[in-house]
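Structure first, commentary second.
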Amino acid sequence: MPELPEVESVRRGLDTYVVGGRIDDSFVYNARAVRRQPGGAAEFIGRTRGRTVVATDRRGKFMWLTLDDDSAIAIHLGMSGQLRVEAPYTPDTLPGRHTRAAFDIALPDGARHLINFNDQRTFGWVWACEMVESHGRVVPEPAAKIAPDLLEPTVDVVALAHRMMKSRSPIKAVLLNQNIVSGIGNIYADEMLWAAKVDGRVPACDLSVRRLAKLLREGQSVLERALAAGGTSFDALYVHVNGESGYFERSLNAYGQAGEPCPRCGREIVRLPFGNRSSYLCPTCQR
């Protein structure tokens, strides 16, 4: 599933094609794409058609288009969601095999783009909804239910470390809990833990506030580096709006590196079960 760097990379790529543009028309090709919309496709189209996109934003794994009536189109990519730009676009352009929804965007300079929401596995969704205040920001309703992410400017890593320290759950489970800190999935949790030399199986309450704060700061660094590389692409399901892949996979130190030497000490990276996932760690560095 795309994590924070992948979603932010898509948002940044989309920004140029939509901000300031008017949604001349909206299309829903599969009802599952708007399953969260109370009124279904008709309501989604009615709330978005004719609106102007004034900004794009993100929290954790959620991104959204802010509209000129102070509502938003919230977007979750799920397992395989993509936002792809069709440019140049003509009205007779046909939807792709996995296109579930689309927006016909007209920009002030006369350019016109079709933004396709493609989703092979149909776990993702789009939702025209209200904006509400949450943790010092105005965000769409679904994003209000999760915690801020590590790249939000107001995040306080020491305060977050104190909160994490109250949990008896393994520290990796705490990192994956979107109600504590959002945007982190299996890939970046393993990379953060490796960078901070922490074993993800250790209960959070057994770590000091100082060590937890160091883990979070390492996490910020990992996410920034991944973002600079455009995120991590393991297959064709995650791509940018122009179809290009992210390249952080080439910089992974732990995740997916079982049997490879640890870049820090040379010991073999091991793969261990963690719930219904796998964890990758260095048994020497991450004691």
Side-chain angles (χ1 to χ4, degrees), residues 2 6-59 61-131 138-143 237-244:
E6 290 76 51
V7 177
E8 176 63 8
S9 295
V10 171
R11 185 203 67 79
R12 291 183 181 184
L14 190 65
D15 201 80
T16 303
Y17 296 97
V18 300
V19 173
R22 184 184 66 253
I23 302 175
D24 275 355
D25 211 347
S26 299
F27 310 92
V28 175
Y29 302 111
N30 187 307
R32 274 189 59 80
V34 292
R35 61 187 178 275
R36 291 177 176 250
Q37 195 78 47
E43 180 187 341
F44 180 82
I45 292 169
R47 292 193 60 164
T48 56
R49 182 185 286 161
R51 300 258 63 99
T52 296
V53 180
V54 298
T56 66
D57 211 336
R58 180 199 50 76
R59 166 174 280 173
K61 302 174 187 178
F62 291 88
M63 64 170 292
W64 60 90
L65 312 182
T66 305
L67 304 179
D68 58 351
D69 62 350
D70 295 324
S71 69
I73 302 174
I75 303 167
H76 197 287
L77 299 178
M79 295 289 291
S80 60
Q82 303 174 348
L83 288 169
R84 297 290 299 276
V85 176
E86 293 287 345
Y89 162 67
T90 59
D92 58 354
T93 300
L94 297 176
R97 177 183 175 189
H98 300 300
T99 301
R100 311 305 181 190
F103 309 98
D104 176 2
I105 304 281
L107 293 172
D109 63 2
R112 191 173 178 187
H113 308 298
L114 188 70
I115 310 299
N116 284 332
F117 175 65
N118 299 336
D119 190 9
Q120 182 175 331
R121 298 179 183 174
T122 67
F123 290 123
W125 46 262
V126 293
W127 181 4
C129 58
E130 298 302 315
M131 301 280 278
V138 177
V139 302
E141 290 177 291
L237 294 183
Y238 165 65
V239 291
H240 298 172
V241 295
N242 59 0
E244 293 182 354

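Note that this is a predicted model, so its numbers are computed, not measured.
- In this structure, the side chain of Arg100 does not engage the main chain of Ala33 through any donor-acceptor pair within 3.5 Å.
- The distance from the CG atom of Leu83 to the CD1 atom of Ile75 is 5.0 Å, given to the nearest 0.5 Å.
- Considering only heavy atoms from C-beta on, Met131 stays 4.5 Å or farther from Asp70 through its side chain.
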Residue pair Leu65, Arg51: steps toward the side chain to side chain contact (heavy atoms under 4.5 Å, CB included) verdict:
CA-CA 11 Å; Leu65 312 182; Arg51 300 258 63 99; over 6 Å; no

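- In this structure the side chain of Ile73 reaches within 4.5 angstrom of the side chain of Ile23, judged on heavy atoms.
- Using a distance-only test at 3.5 Å, with no hydrogens or angles considered, no donor-acceptor pair links the side chain of Arg11 to the main chain of Glu8.
- Phe27 has its side chain within reach of Leu114: a pair of non-hydrogen atoms, C-beta onward, lies under 4.5 Å apart.
- Here the shortest heavy-atom pairing between Arg35 and Thr122 reads NH1-O, 3.6 Å.
- A donor-acceptor contact shorter than 3.5 Å links the side chain of Ser80 to the backbone of Arg121.
- Annotation for Ala74 and Trp64: closest pair CA-CB, 3.9 Å, computed over non-hydrogen atoms.
- Note that CG of Asp25 is 10.5 Å distant from CD1 of Ile105, once rounded to the nearest 0.5 Å.
- Between Phe62 and Pro142 the shortest side-chain heavy-atom distance falls below 4.5 Å.
- Within the model, atoms CG of Leu14 and NE2 of His113 stand 10.0 Å from one another, a figure rounded to the nearest 0.5 Å.
- Using a 4.0 Å cut-off between charged side-chain N and carboxylate O, Arg59 and Asp57 make no salt bridge.
- Taking the six-membered ring for Trp and thresholds of 30 and 60 degrees, Phe103 and Phe44 have ring planes inclined between 30 and 60 degrees apart.
- Using a 4.5 Å cut-off on side-chain heavy atoms (C-beta onward), Val54 and Val19 make no contact.
- Residues Asp104 and Arg112 meet the side-chain proximity criterion, which asks for heavy atoms closer than 4.5 Å.
- Residues that satisfy the side chain to side chain contact (heavy atoms under 4.5 Å, CB included) test with Asn118, not counting sequence neighbours, are Gln82, Arg84, Thr99, Asn116.
- Between Gly124 and Phe117, the shortest heavy-atom contact is C-CZ, 3.9 Å.
- Looking at residues two or more places apart in sequence or on another chain, you find a side chain to side chain contact (heavy atoms under 4.5 Å, CB included) between Arg47 and Gln37, Glu43, Ser71, Ala128, Glu130.
- With values rounded to the nearest 0.5 angstrom, Trp127 atom CH2 is found 6.5 Å from Arg36 atom CZ.
- Counting only heavy atoms from C-beta outward, the side chains of Glu6 and Leu77 never approach each other to under 4.5 Å.
- Residues Ala41 and Val34 share a closest heavy-atom pair of N-CG2, 3.8 Å.
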